[in-house]
Amino acid sequence: MTEHEDSAPGARRNHAAPVLDETAKRIIEQLQEDGRRSYAAIGKAVGLSEAAVRQRVQRLLETGVVQVVGVTDPMMLGFSRQAMIGVRCNGDLNRVADEVARLDGCEYVVITAGSFDLLVEVVAEDDERLLDILGSIRAVPDVVGTESFLYLKLRKQTYAWGTR
């Protein structure tokens, strides 16, 4: 794996993914099953010492291959409004996406192909906050239109898709 200077949680890297050996992939799969699993337990499962697993996990974190976070239910934490916002843009999509990604409340930003240039997942306390976030997105230069899709009920959320 290669090191990368941007290790902020949630930051997306704009470089080729590091080459992962089979052991790294097995470590990732262990963490996907249980992000709190001990280094000793992971080591036992993949055939490495606790110290070796600790080093490998640290490199996975530093390169942005892995994030270890507590996934929450926003509704249970007081965020009663969630939405996906489709954004249409003119100009440099990377610049617009970067500006939108810096906005508070925009939790997930992707550049897409199709009828929208960006998809932005938003988590807000209430409708008023959602309206503020939507206004902030629309104020970004080169944003020409938005369409909001309000979430009514979360039926599935998983991050255990394994490795390739």
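This one's a predicted model, so the numbers in the text were calculated from it and none came from an experiment. The figures here come from the full heavy-atom set of this structure, side chains too, leaving out hydrogens, waters and symmetry mates.
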Original post:
Any chain of hydrophobic side-chain contacts (each under 4.5 Å) joining Leu61 to Leu20?
Top reply: yes
Original post:
What heavy-atom pair brings Val68 and Gly35 nearest, and what distance separates the two atoms?
Top reply: CG1-O, 3.5 Å
**OP:** Is it possible for you to say whether Phe79 and Leu150 belong to one hydrophobic cluster, with membership spreading through side-chain heavy-atom contacts below 4.5 Å?
**Re:** no
Original post:
Under a 4.5 Å cut-off applied to non-hydrogen side-chain atoms, are Ile137 and Thr146 in contact?
Top reply: yes
Subject >> Residue pair Val140 / Leu103, side-chain heavy-atom distance below 4.5 Å >> reply: yes
Original post:
What closest approach, in Å, do Cys106 and Ile133 show between heavy atoms, and which atom pair accounts for it?
Top reply: SG-CG2, 3.9 Å
Original post:
What do you reckon, is NZ of Lys25 surrounded by more than 12 foreign heavy atoms closer than 6.0 Å?
Top reply: yes
Subject >> Side-chain heavy-atom pair Val66, Val57 within 4.5 angstrom cut-off >> reply: no
Original post:
Could Arg26 and Glu22 be called an ion pair, given the rule that one side-chain N must be under 4.0 Å from one carboxylate O?
Top reply: no
Original post:
To the nearest 0.5 Å, how far apart are OG1 in Thr23 and CZ in Arg56?
Top reply: 5.0 Å
Original post:
side chain to side chain donor-acceptor pair (under 3.5 Å) with Gln58: which residues, sequence neighbours excluded?
Top reply: Glu62
Subject >> Closest non-hydrogen atom pair, Val87 against Val143 >> reply: CG1-CG1, 3.8 Å
Original post:
Mind checking whether Val123 and Val100 sit in one hydrophobic cluster, side chains of I, L, V, M, F, W, Y counted as touching below 4.5 Å?
Top reply: no
**OP:** State, with a plain yes or no, whether a side-chain heavy atom of Leu134 is found less than 4.5 Å away from one of Ile85.
**Re:** yes
Original post:
Minimum heavy-atom separation for Arg129 to Gly105, with atom names?
Top reply: NH2-N, 4.4 Å
**OP:** First locate atom CG of Leu118, then atom CG of Leu93, and finally report the distance between them rounded to the nearest 0.5 Å.
**Re:** 6.0 Å
**OP:** Answer yes if Leu130 and Val109 sit in the same cluster of Ile, Leu, Val, Met, Phe, Trp and Tyr residues linked by side chain heavy atoms under 4.5 Å apart, and no otherwise.
**Re:** yes
Original post:
Is there side-chain contact between Asp126 and Arg81, with heavy atoms separated by less than 4.5 Å?
Top reply: no
**OP:** Let me see the working for Arg95 and Glu99 under salt bridge (charged side-chain N to carboxylate O under 4.0 Å, His left out), right down to the final yes or no.
**Re:** CA-CA 6 Å; Arg95 182 193 53 76; Glu99 286 190 42; 2.6 Å; yes
Original post:
How close do Ala24 and Leu60 get, heavy atom to heavy atom, and via which atoms?
Top reply: O-CD1, 4.5 Å
**OP:** Please report the shortest heavy-atom distance between Tyr108 and Met84, naming the atom on each side.
**Re:** CD2-CE, 4.5 Å
**OP:** Measure the shortest side-chain to side-chain distance between Asp117 and Val96 over non-hydrogen atoms and say whether it is less than 4.5 angstrom.
**Re:** no
Original post:
Are more than 12 heavy atoms from other residues, nucleotides or ligands located less than 6.0 Å from atom CG of Asp21?
Top reply: yes
Original post:
Are any of the side-chain nitrogens in Glu50 or Arg54 under 4.0 Å away from the carboxylate oxygens of its partner?
Top reply: yes
Original post:
Would you say Arg88's side chain and Ser115's backbone share a donor-acceptor pair under 3.5 angstrom?
Top reply: yes
Original post:
Are Leu131 and Val120 connected in the hydrophobic side-chain network, where two residues link if heavy atoms are under 4.5 Å apart?
Top reply: no
